[in-house]
Number of protein chains: 2
Amino acid sequence: MTIRDVAKHAGVSVATVSRTLAGDYPVQPSTRHKVLRAVRELDYVPNAQARALSVASPGAVAIVVGSVDMPYYAYIAQGVEEQAAAERRLCLICTTGGDKERELTIVQMMREQRAEAVILVGSVVVDDDYRERMTRYAHGLDSSGSRLVLCGRPPLGEGVPALTVGFDNTGGAHAVTAHLLSAGHRRILYLGLRPGHSTSDSRVAGYRSALDDHGIPRDPALEVPCGFDRSSGYAAMKQRLAAGHDDFTAVFAATDVIAAGAVQAIHEHGLSVPDDVSVVGYDDVPPAEDIGLTTVHLPHAELGRAAVRLALSGKDPLVEPPLTLGTHIVVRQSVRRLRSAP
Amino acid sequence: MTIRDVAKHAGVSVATVSRTLAGDYPVQPSTRHKVLRAVRELDYVPNAQARALSVASPGAVAIVVGSVDMPYYAYIAQGVEEQAAAERRLCLICTTGGDKERELTIVQMMREQRAEAVILVGSVVVDDDYRERMTRYAHGLDSSGSRLVLCGRPPLGEGVPALTVGFDNTGGAHAVTAHLLSAGHRRILYLGLRPGHSTSDSRVAGYRSALDDHGIPRDPALEVPCGFDRSSGYAAMKQRLAAGHDDFTAVFAATDVIAAGAVQAIHEHGLSVPDDVSVVGYDDVPPAEDIGLTTVHLPHAELGRAAVRLALSGKDPLVEPPLTLGTHIVVRQSVRRLRSAP
DNA sequence: GGCGGGATGGTAACCGGTTACCCGACAGGT
DNA sequence: ACCTGTCGGGTAACCGGTTACCATCCCGCC
C-alpha cells in the first residue's frame, strides 16, 4: 500500500495525492475528495521513514538510562519526555541495564536512526575504549547529526569537552551535612562509599568539605562502603549496628533508597529515627516522603528538560561549559536537634 | 555523507561498500580495508531509515503510557523494554499525560513510523469517536503493519475484539478483601470509588463479591469516592476520620498510593496502623514496602513482556481471547487480626 | 590455446515518499 | 483570433540505502 496505489485508485497522480495530504498546495475540492476517499478506502498510512528520506524532518530525542523503573531515572525521563513533546519531537527511551557495551551499541543505533539528540543519563565507570568511542560521538565529528548530552554523569575524561548537564552533588551533600552539624551532630556516618563511582565521589566530597568547614576532624571509620540499593543500605547498617551504635548520632545515606534500607535496619535494631539516630538521604525520591526522610531535593524533571534544550540548542560541544542545576534541602522528621547544639 | 561518498573515497563501488559493511558477502581483504578506512576517515554512519526502505527490517516496539514517573507504568514499561530487547527490537516510550486526543495522535505517528507493536497501557475513559478510531487500529485493517495491544485497560466496547492483556483486578480485590474478612474485619472501607473508571470498577467488584461470599451486607456508605493519587487518599481519609472512625476497622485502598496517603492521615489523627485501623492496598509499588503495607502484588514486568510477545506473535486480533495474569497477596504488617476472628 | 566456472565488483533498478519542472486548459485583454 | 497569465496536475528525478544482474578476471583443465 503506497502512495502510487492511492493515486491509481483515485485516478490521479502521485503528486496530487502527496499534495492533498500535505495540505499546503492548492487542490481542486473535487480532486481532494477523490484522494481522501481513496485514502480511507485503502486504509493508507504514509511511511514516515520514506518521507524522512526526502525532506529534512525533525529527528527524535533519545534517552538512554540504566532502567526505567528506578524513580531517579524515571523522573529525569519524564522531563525529557515533556521537553521533547514541547519541541514536537518523538521520544525514544532505551535501557542499558548498566551495561557499557550495550550503551555504546544503543548510541550507535540511535545515530543510525538519525536521532537528533541522544541523552545519556546516570553514572557509569568509564574505561579507555569507552572513553575513546564516546568522545567521538560527543564531539559530533560524524555526519549523523546526532548530538550527545551527558546528563548527571562524569566527564569523559580530564578536560574532554562535551555537552553536559548535572546536579550540584557536592553542594547538596555539603548543605545536608551542614544541616546535621548545625543540629548538633558531630559524628556522622556516611553510608555509600564507592570509590571511582562518580556520584558517590562527589557526594562524599561535599560531606568531607562540610566537616572541614566546621573544623570537625574526618574519621575514615565513619565512611562506610555500600552499594546504591535498598538491601545494601539495610545490610551495611545492620552490620554497623551489630558493632554498637554509640560511635555516631547521625547517618548521611548517599541516596534515599539506601536510607530506606538503613531506617529499616535501625528499626529492627529496636532504635528509633530520629530519637536515637538521625538520618538524611539524597535525591528526594518516593521512599523519602513516605518515611518522613529529610533529604536533598533534586530537580530531576528540570534536568531532563535542560538536557533536551541543550541538545537542540546548537551550542558547540567543544566550548559549551557544563550546566549545573542547584539543589535544596527538604526538611522532614528524620533529624533530631541535639540538646548540646548551639 | 552517503554510501556513495564512501565508495568514491575508497575508490570502489557502492555495492562493495554496502557488502563490506553487511559482512555477508565475500570481499577481498585489501578491498575491505580500503572501505573500512574510508568509513573511519569520513565518519560515515549509515542511515537506518533508508535501509528500512529497501529491506524488511524489524520494526520498533512502542509503548504508550500516561506518564513514566508513576511506578505502575514504569514497571510495565520495564517489562516491555526487556522483551523488546530480547526480540531485538528498539523500544519507544511515549507519554500522553492521560490525554485521549494525544494518545490517538501518538498511535497514528507510530503507525507512520511503521512500529511493529504499539502497546497501550493504563486506564482511559472511552468515548464514541475514540472507540471508533481505535477499533480500526486494533483490528489491523490498515497496511501499516502495526499491531495494537491493550494492556491493563478496558475493552474498546461491548464485544469488540482486540489483542488484550491485563491483571485479574477483580480476583485480586476479592482475595485481599477475603484476607481482611478472615482476620475478623467486618466493616471495611473501600477507598477509591470512581464509577466509570475501569480499574476502580473491577476492584470494587472484587470487594463486593467477597463481602457477598461471606454473607456480609454491603454498605454504600463504606464505598468512598477518591482520586487515584496520594493527596486524594489523604484528603478522603482525613475527612472520613473527622466524622469519627468507629464505623469501620479496616480500609481497602484501591491503590498503594492512595493507601500511603490514608496511612498518613490515620497517623495524623493519632491512630495507629494496624492497632487501630488495618489497611491494605493494591499494586505493590514502592510506598508499600516502605510503610509495611499488606497489598496485592501485580506482575507488572511480566505483563509488559506478555504484551510484547502477544503483539509479535501474529495472533489474530479478532479471535484471540484476552490474556489475564494472576496476582497474589503480599502480607506485611498493616493488618491486625481481630480477637473476635474465628 | 580455448574454455568452463568461481570469485569479485560494478551498474542500475527499486523501496516510498517529495517536489522541481513542465504542460495543457481556460480566462481575460487587445 | 491571438497572446499571455494563472491554475491545476502530471512526469520524473532524487533522498540513501540494497541487491539482481551482469561483466571481468583468473584459475585449472581438456
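Here is the naming used below: chain letters follow the sequence lines, and residue numbers restart at 1 for every chain.
- In this structure, the side chains of V35(A) and R19(A) stay at 4.5 Å or more apart for every pair of heavy atoms.
- The shortest distance between side-chain heavy atoms of V165(B) and L310(B) falls below 4.5 Å.
- Here the C1' atom of nucleotide dG10(C) and the CD atom of Q28(B) are 15 Å apart, to the nearest Å.
- Within the 3.5 Å criterion, the main-chain N or O of V39(B) finds no donor-acceptor partner in the side chain of H9(B).
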At under 4.0 Å between heavy atoms, which parts of nucleotides 14-21 of chain D does protein reach? Answer with one letter per nucleotide, 5' to 3': B base, S sugar-phosphate only, - none.
-> -BBBSBBB
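- Side-chain contact between I106(A) and T96(A): present, with at least one pair of heavy atoms (C-beta onward) separated by less than 4.5 Å.
- When atom types are taken as modelled, the side chain of Q78(B) and the backbone of V68(A) share a donor-acceptor pair closer than 3.5 angstrom.
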